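Data block below; observations after.
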Amino acid sequence: MRWSQTFIPTMKEIPADAEIPSHQLMLRAGLIRQVMAGAYTYLPLGWRAVRKVEAIVREEMERAGAIELFMPALCPAELWEQTGRIDDYGNALINFPLVRGDRQVRVVLGPTHEEVVTDLMARQIKSYKQLPITVFQIQTKFRNEERPRFGVMRTSEFQMKDAYSFGTDLDQLNDAYEQMYQAYRRIFSRCGLDYRPVEAESGPIGGDASHEFMVPAENGEDEIVHCDSCGYAANTERAETGRGVPEIAAPAAMSDRALVDTPEAGSIEQVSRMLGCEPSQMIKTLIYSIDDEPVAVLVRGDHEANEAKIRRAVGATTIELSDPETITRVTGAPVGFAGPVGLDCPLLADHDVAQITDGITGANQGDAHLTGVNIGRDYSLDTTHDLRMATAGDPCPRCDGSLELARGIEVGHVFKLGTKYSTALSAEYLDENENKHPMLMGCYGIGINRIVAALAETSFDDNGLIWPLSISPFQVLVIPLNITDDDVMSAAESIYDQLGTAGFDVLMDERKARPGFKFKDADLIGIPLRVIVGGKGLADGVVELKWRTDSDVTRIPLDQIVDTVINELAERTSAESQQVPE
RNA sequence: CGGGACGUAGCUCAGCCUGGCAGAGCGCCGGCUUUGGGAGCCGGAGGUCGCAGGUUCAAAUCCUGUCGUCCCGACCA
């Protein structure tokens with residue numbers, strides 16, 4: 001491709017709306033342009049990178065035995081009603097009626113395709129002999145992000161690879177999951193990403209039934225914890241802590257309990273400021289409706305409750321914060337003044353709560369708190385649980401180490417679904433004895449364009465992007481410095497032709513521009529290997545070769561340049577693939 | 001949806017407080033010079049100052065509303 005004949009609008013200045021490196025660089029390097037909040041056009045350079053990622057994903061999916069198909073983005077709302085997800089998804093699901101003659105057809109734009117693919121399999125798979133099977137597609141997905149942000153990292157329309165496995169039993173599901181897990185490791189490695197699989201919220205199957213693949217990045221949206229001693233990693237929602245049940249007994253020395261006025265102070269922050277205490281001295285009391293029964297959940301004031309952990313602790317199916325009316329009925333006080341003392345409802349406490357001496361908590365009456373609250377004397381518990389989000393410094397659940405916090409970009413997710421969708425949509429098979437069973441499913445997603453964004457977010461220097469060879473829009477950039485010099489141009493043309501013929505993606509910057517200008521653009525768009533053809537070098541019979549990450553050029557005789565480039569590309573490709581797990 | 005910021009040329013921004021000719025740099029077009037790290041000089045094109053209403057002799061500037069974009073949070077895989 002010749003630069004002047006393609007479309008690479010680079011920018012010297014940093015667009016005011018872009019805050020994070022990937023967004024700034026993708027705009028400046030001419031990869032994307034914004035159309036509206038949460039929707040971007042991929043320009044030729046950006047789209048080439050996306051396509052390279054797609055090709056790698058496709059290759060690895062097929063290598064792992066998955067079969068490609070293509071489902072419509074437009075799906076009947078009816079299927080979503082059958083699984084209940086039309087409500088679960090809420091406003092994030094884009095759905096609207098289509099007018100067809102005198103009737104309306106309600107449709108959704110698929111944010112994922114469990115419904116459609118399960119319905120397909122329900123119709124086509126009848127026998128255990130047809131299983132297992134894993135299918136995948138690469139397609140545009142839609143989610144109405146109420147607050148799109150971080151450039152292309154979080155948009156309302158995005159490219160996703162989604163795969164679905166169907167099997168007869170847990171063994172087949174585990175096999176498919178393992179296949180996908182390994183394929184994902186190869187995919188992210190091949191794309192040149194530093195990534196980390198972390199345990200994620202597992203849903204109905206339990207155990208290690210879900211992993212997210214995270215790219216560590218300051219600007220990542222997700223928070224994860226990890227242990228450097230044993231390698232345990234999980235997202236903060238999922239992360240267990242290595243804390244045990246403490247001794248539940250009244251402290252040896254405690255103050256008298258006292259009622260204090262805390263007018264209008266219903267939050268931990270307000271109360272701690274008003275009373276001059278640390279949030280960690282407070283007992284946060286949250287009234288949850290768990291399977292529609294009110295339960296008071298206690299966590300330390302500086303901690304955050306984890307609803308999934310609470311649900312697991314009591315084996316419940318639904319959990320939500322109670323509405324203000326319920327809270328008033330249960331505690332006798334407006335929201336913000338609940339406490340465990342004298343509360344007539346079940347108490348569920350986090351481990352750390354039992355270790356608070358002279359705690360401060362709501363008095364179950366408006367504008368008042370209690371101080372000097374102690375377990376054993378003022379309220380009692382049978383046991384305690386791990387009910388809160390993990391934080392930095394918590395003991396590791398797997399070893400003697402401690403947990404650290406980090407942020408990351410989620411680029412992939414593998415999940416054992418179980419029978420949720422196959423049951424709802426009657427995707428059943430007959431076994432050897434003619435008994436019907438719902439199929440066991442797994443689902444496996446990869447954010448295709450998010451891989452490109454994650455790369456841009458983590459691989460750059462002061463001058464611009466730094467692509468790995470594997471997903472770079474072009475592999476080689478040929479720069480003739482002076483296009484009015486016939487010798488320079490014919491040498492450049494010859495190199496360009498030969499490399500193109502040899503099957504490489506070559507871009508030639510034959511614009512009429514000064515050398516400095518071209519070098520700046522070259523650094524910005526970050527093509528890995530650069531061949532510079534200049535009049536001075538040619539006079540000595542050489543051209544210059546430079547990797548994007550090199551500080552200096554290497555002079556190569558003109559008649560060897562094509563072979564040298566081919567060799568270096570082969571070496572780099574091989575070096576990159578050394579990193580890819582088997 | 002709650003909180004905050006910002007909307008002036010393609011991009012980055014000044015002008016707004018204290019109302020009185022629509023500005024700069026970069027980019028773009030033409031010309032000359034220059035040619036190894038975002039060149040120099042000369043000439044030029046380009047704006048419904050987000051939109052609507054109000055105040056005023058007069059509004060980019062003051063007031064009200066509205067739309068858009070970004071950031072923090074809520075929500076969300």
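No experiment lies behind these values; they were computed from the predicted model shown.
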For nucleotides 71-74 of chain B, which of its nitrogen or oxygen atoms have a protein nitrogen or oxygen under 3.5 Å away, and what is each distance?
from    : atom 1 : to      : atom 2 : distance (Å)
rC71(B) : OP1    : F150(A) : N      : 3.4
rC72(B) : OP2    : R147(A) : NH2    : 2.7
rG73(B) : N7     : R147(A) : NH1    : 3.1
rA74(B) : N6     : R149(A) : NH2    : 3.3

Q) Relative to the ring of Y195(A), is the ring of F213(A) parallel (under 30°), tilted (30 to 60°) or perpendicular (over 60°)? A)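 Taking Y195(A) first and then F213(A), their aromatic rings sit tilted (interplane angle of 30° to 60°).
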Q) With under 30° as parallel and over 60° as perpendicular, where do the rings of W80(A) and Y89(A) fit, or are they tilted in between? A) perpendicular
Q: State which residues pass ring pair (Phe, Tyr, Trp, His ring centres under 6.0 Å) with Y288(A); sequence neighbours excluded, sorted by chain then number.
A: none
Can you name the atoms? Protein N/O to nucleotides 32-35 of chain B N/O, anything below 3.5 Å, with the distance.
from    : atom 1 : to      : atom 2 : distance (Å)
rU34(B) : O2     : R514(A) : NH1    : 2.8

Between [M] and [N] - [atom1] atom distance, rounded Å:
N: rG38(B); M: rG25(B); atom1: C1'; answer: 13 Å
N: rC57(B); M: rC70(B); atom1: C1'; answer: 39 Å
N: rU61(B); M: rA22(B); atom1: P; answer: 13 Å
N: rC16(B); M: rG7(B); atom1: P; answer: 13 Å
N: rG15(B); M: rC62(B); atom1: C1'; answer: 16 Å
N: rG46(B); M: rC29(B); atom1: C1'; answer: 10 Å
N: rC71(B); M: rC32(B); atom1: P; answer: 47 Å
N: rG10(B); M: rG4(B); atom1: C1'; answer: 29 Å

Distance check needed: [N] [atom2] versus [X] [atom1], whole Å only.
X: E145(A); N: rA77(B); atom1: CD; atom2: P; result: 9 Å
X: F213(A); N: rA77(B); atom1: CZ; atom2: C1'; result: 15 Å
X: K520(A); N: rG27(B); atom1: NZ; atom2: P; result: 14 Å
X: E199(A); N: rA77(B); atom1: CD; atom2: C1'; result: 18 Å
X: Q34(A); N: rG10(B); atom1: CD; atom2: C1'; result: 16 Å

Q.
Pairing check on rG20(B): which nucleotide meets the Watson-Crick or G-U wobble criteria with it, both distances under 3.5 Å?
A. rC57(B)
Q) For D521(A), which of R28(A), R511(A), K12(A) qualifies under salt bridge (charged side-chain N to carboxylate O under 4.0 Å, His left out)? A)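 With D521(A) as partner, R28(A), R511(A), K12(A) yield a single salt bridge (charged side-chain N to carboxylate O under 4.0 Å, His left out), made by R511(A).
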Q. Would one find more than 12 heavy atoms of other residues, nucleotides or ligands at under 6.0 Å from atom CG of D292(A)?
A.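 Open: at most 12 neighbouring heavy atoms sit under 6.0 Å from CG of D292(A).
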Q. Should we say atom CD of Q270(A) is surrounded by more than 12 heavy atoms from elsewhere, each under 6.0 Å from it?
A. yes
Without placing hydrogens or testing angles, list every side-chain donor-acceptor pair under 3.5 Å for residues 16-23 of chain A, not counting sequence neighbours.
from   : atom 1 : to      : atom 2 : distance (Å)
S22(A) : OG     : E457(A) : OE1    : 2.6
H23(A) : NE2    : Y40(A)  : OH     : 3.0

Q.
What contact category does P15(A) fall into here, base, sugar-phosphate, or nothing, at under 4.0 angstrom with non-hydrogen atoms?
A.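 P15(A): backbone/sugar contact only, no base atoms under 4.0 Å.
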Q. Touch check for E221(A), heavy atoms < 4.0 angstrom, all strands: base, sugar-phosphate only, or nothing?
A.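 Nothing: the residue E221(A), judged by heavy atoms under 4.0 Å, touches no strand.
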Every protein N/O lying under 3.5 Å from an N/O of nucleotides 23-26 of chain B:
from    : atom 1 : to     : atom 2 : distance (Å)
rG25(B) : N2     : E13(A) : OE2    : 3.0

Q. Is the backbone of D119(A) close enough, under 3.5 Å, to the side chain of Y421(A) for a donor and an acceptor to pair up by distance?
A.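 No, because the side chain of Y421(A) does not come within donor-acceptor range (under 3.5 Å) of the backbone of D119(A).
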**Q.** Check: N463(A) side chain, rG37(B) base, donor-acceptor under 3.5 Å
**A.** no
So which protein nitrogen or oxygen atoms get under 3.5 Å of nucleotides 5-9 of chain B's nitrogens or oxygens?
none

